[in-house]
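Step one of this worksheet: look at the structure below.
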Amino acid sequence: MSWRNPRRILLVCAGLDLAGLLGLLALISLFKPLPVLPQLGWLAFTALAYLGLGWLFGSYTVLRWRRLPLAAVLQRVLITGVVTLVVVALARLLLNPPDAVWLVHRSTQAAWLLPLMLWSLLMRGLLRRGVLLPPEAQVALVGPPAELAPVLAAWRRTPTPVRQPLRCLSLEQAFELAPPVVLALAPSLEQNLQQRRLLEQLEERDPRDTSLTTPLNLLERQLERLPPALVPEPWLNYQELPWNRVFSLERQLKRVADLLVAAGLLTLTSPLLLVAALLIWLEDRGPVFYVQQRSGWLGRSFQVLKLRTMQVAPADAPPAWTVPGDRRITRVGLWLRRLRLDELPQLINVLSGDMSLIGPRPERPELEQELEARIPHYRKRHWMRPGLSGWAQVCAPYAASVEDSELKLSYDLYYLKHFSTWLDLIILFRTIKTVLKAGGR
């Protein structure tokens with residue numbers, strides 16, 4: 001059974017939008033001349049603008065559609081269409097294409113934009129009702145409620161909206177569910193002879209209709225995280241990591257990308273860094289940079305470099321969590337944090353090899369002593385170089401307590417197990433979206 005993947009649904013939705021755009025433009029081209037080469041360039045630009053802005057403004061957030069009112073979906077599609085119109089108009093003014101390129105004419109834009117938005121709304125409405133996709137499997141936990149209570153708690157603790165509620169059923173009730181279903185079985189069910197016979201009956205069902213799994217695997221697949229309290233102690237040793245092979249192409253690509261992107265970003269953003277440094281100094285005449293000890297790969301300490309976003313603390317001040325609305329954050333620092341510009345100097349740490357672009361965020365050694373004592377598997381996050389951004393950073397809120405750190409560790413453990421170039425690209429795009437929307441901490 002294929003469990004629904006939100007990114008797969010996003011691609012389906014984007015493909016439907018692209019098909020609608022191409023269909024409308026093909027229809028218009030029947031009545032207008034078609035200079036192929038210049039027209040194709042503007043067609044690609046328009047399509048990328050509409051799809052990219054739709055992703056930025058959340059019109060492809062399929063996972064939340066059933067929670068959002070229809071008016072909110074209409075608003076997102078409308079904003080996407082209007083901003084696309086503005087972007088294409090600005091590009092037309094800047095590049096001044098020949099008159100033969102009718103795609104960017106005002107009359108043509110009016111002809112394709114409104115029908116495209118109506119098409120997008122229609123496709124989203126059909127997706128909301130499940131018309132264009134196979135039915136989503138029901139998900140349930142099967143076993144004693146007391147044993148499965150931590151699993152239910154982890155499900156409800158997830159910061160991103162879940163696609164459907166999770167119920168806890170007895171083995172007898174599981175037989176009453178209409179397929180397709182995904183059943184996460186409690187380990188204790190194997191110990192009872194009568195229940196074992198019922199399990200055998202479930203296993204004899206068509207696997208396309210009834211998928212049997214473990215509670216931990218259910219959370220891993222549906223929530224894309226691994227709660228450390230539920231992960232068994234002998235789990236994923238260092239030699240089993242995806243990048244710990246004699247020659248790992250993905251590991252080599254990751255390091256090459258780190259060097260090229262970090263050098264390029266540092267060069268491109270150097271004027272921005274100078275402006276930010278000047279604003280920091282003008283606000284309180286304090287130091288511009290903030291140097292702090294952090295734990296890196298295999299727990300080795302290194303000096304991390306950041307733009308200062310807080311008031312200068314006394315030398316003997318004890319370490320403290322940064323909380324939402326922290327009064328220590330300066331006015332300039334607030335915007336640097338929202339845009340994540342305070343992290344840019346860490347590109348130097350990436351070039352030196354202490355950090356990577358993508359990986360678990362480095363933590364202060366003095367805070368990690370408590371975290372290691374209270375959170376299982378915490379030291380496993382040191383098995384990979386820390387990063388500027390990571391799976392925990394794009395999925396979970398800023399950590400301001402031990403409980404928040406445990407939540408973020410669940411995403412770090414998932415990243416350790418499922419590291420790939422594809423997952424790094426997803427994190428990169430989600431980080432860019434956060435920066436563009438000023439959604440940093």
Side-chain angles (χ1 to χ4, degrees), residues 1-16 60-68 123-158 160-227 230-232 410 414 417-418 420 422-423 426:
M1 181 185 302
S2 178
W3 299 358
R4 183 165 299 186
N5 187 321
R7 283 176 289 278
R8 191 177 306 164
I9 302 174
L10 185 150
L11 292 176
V12 169
C13 189
L16 290 171
Y60 296 125
T61 313
V62 182
L63 215 137
R64 296 190 180 100
W65 281 353
R66 292 177 182 172
R67 294 171 176 264
L68 284 177
M123 293 301 102
R124 282 152 178 75
L126 294 176
L127 285 170
R128 281 167 66 100
R129 294 180 175 273
V131 175
L132 300 178
L133 293 169
E136 189 169 7
Q138 300 182 74
V139 180
L141 297 172
V142 181
E147 182 181 358
L148 297 172
V151 182
L152 282 171
W155 184 274
R156 293 165 183 158
R157 180 75 173 86
T158 300
T160 54
V162 292
R163 294 187 281 281
Q164 55 184 300
L166 182 64
R167 296 180 291 170
C168 185
L169 306 175
S170 66
L171 194 53
E172 292 76 10
Q173 291 172 322
F175 282 89
E176 301 173 3
L177 294 177
V181 294
V182 177
L183 303 177
L185 308 176
S188 62
L189 295 178
E190 291 282 353
Q191 301 172 6
N192 184 289
L193 181 59
Q194 182 179 0
Q195 291 177 333
R196 196 181 307 164
R197 291 172 180 171
L198 293 175
L199 285 176
E200 291 174 356
Q201 295 179 28
L202 282 177
E203 292 171 353
E204 292 173 358
R205 287 186 170 187
D206 189 335
R208 293 171 296 180
D209 294 331
T210 303
S211 178
L212 305 181
T213 186
T214 64
L216 182 61
N217 190 42
L218 175 70
L219 297 179
E220 183 179 357
R221 292 288 299 273
Q222 294 286 79
L223 306 183
E224 297 181 320
R225 68 187 189 94
L226 285 162
L230 302 177
V231 173
S410 68
Y414 181 89
K417 183 178 179 181
H418 296 278
S420 66
W422 170 245
L423 183 55
I426 292 173

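A quick note: this is a predicted structure, and the numbers were derived from the prediction, not measured.
Looking at every heavy atom in both residues, Leu189 comes nearest to Gly143 through CD2-CA, 4.2 Å. The two residues Glu220 and Tyr414 come nearest to each other via the heavy atoms O-CE1, 3.4 Å. Closest non-hydrogen pair, Cys13 versus Tyr60, comes out as SG-CD2, 3.5 Å. Looking at every heavy atom in both residues, Leu223 comes nearest to Ala154 through CD1-O, 4.1 Å. The two atoms that bring Pro180 and Arg208 nearest to each other are CB-O, 4.4 Å, heavy atoms only. For the pair Pro150 and Leu230, the tightest heavy-atom approach, listed with the atom from each and the gap, is CB-CD2, 3.8 Å.
At least one donor-acceptor pair closer than 3.5 Å links the side chain of Gln173 to the backbone N or O of Ser170. A distance-only check finds no donor-acceptor pair linking the side chain of Gln138 to the backbone of Leu177 [under 3.5 Å]. Not a single donor-acceptor pair under 3.5 Å links the side chain of Ser211 to the backbone N or O of Pro207.
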Requested in this report: Could you walk me through whether Asp206 and Thr210 pass the side-chain contact (heavy atoms from CB on, under 4.5 Å) test, one step at a time?
Outcome: CA-CA 6 Å; Asp206 189 335; Thr210 303; over 6 Å; no

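Atom CG of Leu212 and atom CG of Leu183 lie 6.0 Å apart (nearest 0.5 Å). The CZ atom of Phe175 lies 5.0 Å from the CG atom of Leu198; values are rounded to the nearest 0.5 Å. Going from atom CG of Leu423 over to atom NZ of Lys417 covers 13.5 Å, rounded to the nearest 0.5 Å. Here the straight-line distance linking atom CZ of Arg225 with atom CZ of Arg157 works out to 7.5 Å at 0.5 Å rounding. Atom CG in Asn217 sits 11.0 Å away from atom CG in Leu185 (nearest 0.5 Å). To the nearest 0.5 Å, atom SG of residue Cys168 and atom CG of residue Leu141 are 5.5 Å apart.
With no hydrogens or angles considered, no side-chain donor-acceptor pair links Glu224 and His418 at under 3.5 Å.
Two residues are said to be in side-chain contact when any heavy atoms from C-beta on lie closer than 4.5 Å; Leu202 and Val142 fail this criterion. At least one side-chain heavy atom of Arg156 sits less than 4.5 Å from a side-chain heavy atom of Leu152. Contact of the Ser410 side chain with the Val231 side chain is not registered, since no non-hydrogen atoms from C-beta on lie closer than 4.5 Å.
With sequence neighbours excluded, no residue forms a salt bridge (charged side-chain N to carboxylate O under 4.0 Å, His left out) with Arg167.
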